[in-house]
Number of protein chains: 2
Amino acid sequence: MAAELPVLQRHGLTMWGYVVLLALNEDPVRTQAALAESIGAAKTRIISVLDGIQQAGLIARAPDPGDRRVHLLSLTAEGRRTRAAAQADIQRQEERLLALLGPDDRRAFLRALHRLSSIPPEDLIP
Amino acid sequence: MAAELPVLQRHGLTMWGYVVLLALNEDPVRTQAALAESIGAAKTRIISVLDGIQQAGLIARAPDPGDRRVHLLSLTAEGRRTRAAAQADIQRQEERLLALLGPDDRRAFLRALHRLSSIPPEDLIP
DNA sequence: TATTGTTATACTCTATAACTATA
DNA sequence: TATAGTTATAGAGTATAACAATA
């Protein structure tokens, strides 16, 4: 986070804002509840995040005609541009840091991270 | 942290409390300023931590006769016992999680972590 | 009555400045 | 005046409960 936050800030994004842009890019139109669930956040937690990136013109919040309680979220053209630019920048930064490892250690490191982060929370506590 | 916090809590320790016990074990008698610096914390940040572990009987704060502004910190017998027990418990937990990796990946993972965590903060930001 | 999104509130963590007591 | 430790204050981040609109 210390390494990546400054990168995101160059694009006017917070960590959560970036997470939302990535999630909406994978699955273009969603409700706030579905989005929150998919990124492991409480629905109340993403509201100020959505307020922020909506005000920045990166997402649209449209009422669903079929169920007027629901807001459908989608990336704007500007949101797609910002997400692509930020993600490319993040990947450059990751590349820069991972280049410090030898190629074998680098592959092993990423394998280990995937393995460890796949542990379900309840298995973390013995 | 999610994996280790519950372990520390079994010993009545917070993350910072544990860090302080480890630092005092390596270098038995210190001033608060020296301790704070050595663990990368601001001097104001560790005060409530010291209050807590002192009240728990894990450390002693003795006035330095040579300079009465200074408090010399040291582990109590109870503090040494708690530190040893907590550290052993933490290491068991690490062992349990690292056992999920193959022996080669495990060594490479630890090597990579050491390499990456040795990057000075100013090199983190491009 | 249940659900979606929102607001309000409280609690923790952290950083900074202001203070005291010594030097 | 400078330093060691302390206290006070403000700002994030987060979790929970209460709420309005709609189903």
Nearest heavy-atom pair of Trp16(B) and Arg45(B): which atoms, and what distance? CZ2-NH2, 2.6 Å

Show me the pairs that pass salt bridge (charged side-chain N to carboxylate O under 4.0 Å, His left out) and involve residues 78-88 of chain A, at least two apart or across chains. Glu78(A)-Arg81(A)

Which letter, B, S or -, goes with each nucleotide of nucleotides 9-23 of chain D from 5' to 3', with contact meaning a protein heavy atom under 4.0 Å? -----SSBB----BS

Regarding Ser38(A) and Arg30(A), do their side chains bring together a donor and an acceptor under 3.5 Å, going by distance alone? yes

Ile47(B) has an atom CD1; how far is it from atom C1' of dA17(C), in whole Å? 13 Å

Going by side chain to side chain contact (heavy atoms under 4.5 Å, CB included), Leu35(A) matches just one of Ile46(A), Ile59(A), Val49(A). Which one? Ile46(A)

Which atom names give the shortest non-hydrogen contact between Arg61(B) and Asp51(B), and what distance separates them? NH1-OD1, 2.8 Å

For Glu37(A), does the CD atom sit with more than 12 other heavy atoms under 6.0 Å from it, leaving out its own atoms? no

Starting from C1' on dA4(D), measure out to CZ on Arg61(B) and report it in whole angstrom. 12 Å

Basic-acidic side-chain contact under 4.0 Å: Asp123(B), Arg96(A): no

Taking atom C1' of dT3(D) as reference, at what distance in whole Å does atom NE2 of His71(B) sit? 13 Å

Enumerate the residues from residues 22-39 of chain A whose closest heavy atom to DNA chain C is under 4.0 Å, giving them by residue number; use none for an empty result. Thr31(A), Gln32(A), Ala33(A)

Are Val70(A) and Ile39(A) co-members of a hydrophobic cluster defined by side-chain heavy atoms under 4.5 Å apart? no

